[in-house]
Amino acid sequence: MAEVGNELQRHAAEEHQAQTDGFHLVIDALKLNGIENIYGLPGIPVTDLARLAQANGMRVISFRHEQNAGNAAAIAGFISQKPGVCLTVSAPGFLNGLTALAHATTNCFPMILISGSSEREIVDLQQGDYEEMDQLAIARPHAKAAFRVLHAEDIGVGIARAIRAAVSGRPGGVYLDLPAKLLGQSLEAAKGKKSLIKVVDPAPRQLPAPDSVDRAVALLKNAKRPLILLGKGAAYARADADIRALVEKTGIPYLPMSMAKGLLPDTHPQSASAARSYVLAEADVVMLVGARLNWLLSHGKGKTWGGPKQFIQIDISPTEMDSNVAIAAPVVGDIGSCVSAILGKVGNDFAKPPAEWLNAVYERKDKNLAKMGELLNKEVSPMNFHTGLRVLKDVIKANPDISFVNEGANTLDYARAVIDMYEPRKRLDVGTWGVMGVGMGYAVAAAVETNKPVLALCGDSAFGFSGMEVETICRYNLPVCIVIFNNNGIYKGVDVNPTGGKDPAVTTFVPGARYDKMMEAFGGVGANVTTPAELEAAVNEALRSGRPTLVNAVIDPSAGTESGRLTNLNPQSSAKK
Ligand code: ADP
Ligand code: MG
């Protein structure tokens with residue numbers, strides 16, 4: 001009798017071993033496709049998913065708010081060319097993550113938002129389930145694609161489709177809905193293993209049509225005042241060597257968009273950054289490489305763009321062409337293939353642009369750089385933006401391989417102009433929306449994905465959106481140095497309540513706030529600095545030690561302009577006049 005009992009037990013154990021479930025299949029599918037990190041926030045119904053992912057060798061970074069986890073995943077996608085994965089709970093957690101998913105889609109970053117969800121049967125009948133919400137429908141307009149998996153044996157397909165959708169063509173955010181019941185579903189292990197898909201060539205090259213390349217090269221050859229404009233799509237594409245070769249072989253001045261800075265070092269002689277307004281207005285042929293003619297480029301028209309011009313646009317998305325102005329030479333394909341095809345047609349006989357144009361651009365540039373130098377070197381007390389930036393400019397010059405995260409209004413605008421980048425994909429900023437709140441999510445992901453230090457420069461307002469993640473930075477002991485340019489408010493800290501009432505003005509914060517204490521609260525290093533020398537010492541010490549650090553840099557509260565460089569976007573208020 002005892003033997004039979006043992007036999008039964010053995011059978012049961014074997015059967016048990018031979019089973020897998022939704023939790024394991026999701027993890028196995030991600031790992032099979034080379035996804036190593038998850039950014040998320042555990043809770044019902046995904047706690048065990050996070051736990052098991054960690055137990056199975058994935059790196060799971062647990063955040064304090066899903067939006068920051070989502071922003072981390074979004075920028076991880078930009079940095080790594082693999083979809084960044086964000087994991088959230090249902091309804092409220094999902095909605096918190098959704099902002100980041102929309103951000104990823106808008107910025108063309110590959111990301112997958114995986115959210116647990118309530119039971120479909122109950123949600124669809126609106127019977128009031130725990131955290132009931134039709135997440136799939138809500139995610140769809142904000143994502144490049146959205147999928148739900150209902151059967152464990154379809155998890156492999158679901159993850160494969162999510163990966164392909166995120167990274168192929170124009171990258172973007174993908175939503176993957178995983179109901180609680182699915183995660184607990186069990187399946188024969190062998191069957192489960194067979195159902196997984198290792199995605200072959202997830203972002204296939206897309207070669208441009210040869211005649212489109214000829215058309216573009218002909219335009220370039222006839223240009224009198226050509227300009228190359230590099231966008232973050234060019235940085236993402238990792239065609240660094242060919243892009244540099246194209247710029248140098250043609251001798252054409254180039255302008256990097258914010259996150260394309262460093263694709264070629266900003267100190268490159270052909271950089272026209274310091275002559276931006278001049279080249280945009282004066283160029284006759286502009287070649288866009290992975291940059292859109294959206295608001296950041298004044299839609300390619302109006303005063304900014306001056307006289308008539310012809311555009312060449314290299315982009316993977318055919319429908320991007322003519323979105324704002326006519327594109328004379330569309331070149332549709334992946335940037336690597338397009339640039340190498342163009343390079344192949346730009347022979348050694350390619351005539352450099354007329355000296356008149358180059359001299360005009362570089363003269364302008366030198367003059368503006370000299371002006372900037374004067375601003376930077378002025379000794380002012382209390383510090384203003386430029387005094388602080390002079391220090392950080394030198395820090396990045398001495399540490400070109402660290403990631404530089406940047407958000408704020410004035411803190412963003414001035415830093416973009418002042419701080420030279422030397423390596424591609426190191427400048428991570430507010431992107432297409434000009435959004436605040438990406439700072440700490442980006443900083444965490446940059447540290448995790450690159451295994452190198454991160455310098456995050458935030459305005460005091462911008463930092464507030466994700467500031468609680470200093471705990472995450474301390475918990476994972478990440479080499480992140482946050483510098484807050486603290487001017488006591490949004491734009492600046494000197495507004496007063498016009499009624500004379502006791503509430504503060506709507507744009508001001510607690511004056512003299514000590515953000516450095518937040519970092520100290522979790523065991524990191526805090527520093528409060530008021531001079532450039534103190535700022536320099538604190539940041540260098542942080543980079544040397546690799547310890548989580550927050551430097552509260554006290555800036556003149558009256559420094560700063562309303563909306564930074566975007567004053568033109570404020571509707572006029574008659575009350576202001
Ligand atoms: P920026 O803000 O720097 O101007 P945008 O995000 O506006 O950059 O534009 C990036 C463009 O790059 C998008 O139109 C996108 O379709 C394109 N893109 C992204 N990745 C690739 C790629 N691998 N090949 C070609 N185009 C790409
Ligand atoms: Mg401020």
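Residue numbers count from 1 along this sequence.
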Check whether any side-chain heavy atom of [X] sits under 4.5 Å from a side-chain heavy atom of [Y], and report yes or no.
{"X": "Lys221", "Y": "Val285", "answer": "no"}
{"X": "Leu196", "Y": "Ile159", "answer": "no"}
{"X": "Leu455", "Y": "Leu392", "answer": "yes"}
{"X": "Leu246", "Y": "Ile342", "answer": "yes"}
{"X": "Leu543", "Y": "Asn399", "answer": "yes"}
{"X": "Ile75", "Y": "Val438", "answer": "no"}
{"X": "Asp401", "Y": "Lys452", "answer": "yes"}
{"X": "Pro330", "Y": "Gln313", "answer": "no"}

Check [X] against [Y] and note the closest heavy-atom contact, atom names and distance.
{"X": "Val361", "Y": "Ala272", "result": "CG1-CB, 4.0 Å"}
{"X": "Ser337", "Y": "Leu207", "result": "OG-CD2, 3.4 Å"}
{"X": "Asp266", "Y": "Pro256", "result": "OD1-CG, 3.9 Å"}
{"X": "Ser461", "Y": "Ile490", "result": "OG-CG1, 3.7 Å"}
{"X": "Pro269", "Y": "Tyr362", "result": "O-CE2, 3.4 Å"}
{"X": "Cys86", "Y": "Met111", "result": "CB-CE, 3.8 Å"}

[X]: partners by side-chain hydrogen bond (donor to acceptor under 3.5 Å, both in side chains), with sequence neighbours left out:
{"X": "Gln67", "value": "none"}
{"X": "Thr319", "value": "Ser317"}
{"X": "Arg59", "value": "none"}
{"X": "Tyr414", "value": "none"}

Sidechain N-carboxylate O distance under 4.0 Å for [X], [Y]:
{"X": "Arg244", "Y": "Glu248", "value": "yes"}
{"X": "Asp214", "Y": "Lys345", "value": "yes"}
{"X": "Lys393", "Y": "Asp420", "value": "yes"}
{"X": "Arg427", "Y": "Asp429", "value": "yes"}

Euclidean distance, [Y] [atom2] relative to [X] [atom1], rounded to 0.5 Å:
{"X": "Asp240", "Y": "Leu264", "atom1": "CG", "atom2": "CG", "answer": "8.5 Å"}
{"X": "Phe63", "Y": "Leu87", "atom1": "CZ", "atom2": "CG", "answer": "12.0 Å"}
{"X": "Lys261", "Y": "Ser273", "atom1": "NZ", "atom2": "OG", "answer": "5.5 Å"}
{"X": "Gln270", "Y": "Leu255", "atom1": "CD", "atom2": "CG", "answer": "13.0 Å"}
{"X": "Leu101", "Y": "His142", "atom1": "CG", "atom2": "NE2", "answer": "9.0 Å"}
{"X": "Leu176", "Y": "Gln135", "atom1": "CG", "atom2": "CD", "answer": "11.5 Å"}

For the pair [X] (side chain) and [Y] (backbone), establish whether a donor and an acceptor sit closer than 3.5 Å, ignoring hydrogens and angles.
{"X": "Asn368", "Y": "Ala275", "answer": "no"}
{"X": "Asn324", "Y": "Arg292", "answer": "no"}
{"X": "Glu407", "Y": "Gly439", "answer": "yes"}
{"X": "Arg225", "Y": "Trp357", "answer": "no"}
{"X": "Asp322", "Y": "Ile327", "answer": "yes"}
{"X": "Ser403", "Y": "Lys426", "answer": "no"}
{"X": "Asp315", "Y": "Val289", "answer": "no"}
{"X": "Asn570", "Y": "Leu566", "answer": "no"}
{"X": "Trp305", "Y": "His299", "answer": "no"}
{"X": "Lys378", "Y": "Thr387", "answer": "no"}

Could you tell me whether the side chains of [X] and [Y] share a donor-acceptor contact shorter than 3.5 Å?
{"X": "Thr561", "Y": "Asn410", "value": "yes"}
{"X": "Thr106", "Y": "Thr432", "value": "no"}
{"X": "Asp284", "Y": "Gln310", "value": "no"}

- Take Arg276 and Leu280 through the side-chain contact (heavy atoms from CB on, under 4.5 Å) test and state the conclusion after the steps. CA-CA 6 Å; Arg276 186 175 194 270; Leu280 290 183; 3.8 Å; yes

- Message: What verdict does the side-chain contact (heavy atoms from CB on, under 4.5 Å) test give for His65 and Glu469, after you've listed the backbone C-alpha separation in whole Å, the side-chain angles of each residue and the deciding distance to 0.1 Å?
- Response: CA-CA 8 Å; His65 190 288; Glu469 304 299 344; 4.0 Å; yes

- Message: Under the rule for side-chain contact (heavy atoms from CB on, under 4.5 Å), what residues qualify as partners of Cys338, not counting sequence neighbours?
- Response: Pro208, Ile314, Val331

- Could you label the plane-to-plane angle of the Trp433 and His103 rings as parallel, tilted or perpendicular, counting under 30° as parallel and over 60° as perpendicular? tilted

- Query: Using the benzene-type ring in the case of Trp, are the ring centres of Tyr236 and Phe109 under 6.0 Å apart?
  - Reply: no

- Task: Quick one: do Leu389 and Thr411 satisfy side-chain contact (heavy atoms from CB on, under 4.5 Å)? Show the steps, please.
- Result: CA-CA 9 Å; Leu389 287 171; Thr411 303; over 6 Å; no

- Note on the structure: Residues pairing under salt bridge (charged side-chain N to carboxylate O under 4.0 Å, His left out) where one sits in residues 160-174, two or more places apart or in two chains, turn out to be Arg170-Glu320

- Message: Set out, in order, the CA-CA distance, both residues' side-chain angles and the distance that settles side-chain contact (heavy atoms from CB on, under 4.5 Å) for Ile312 and Leu220, then state yes or no.
- Response: CA-CA 8 Å; Ile312 301 164; Leu220 268 190; 3.8 Å; yes

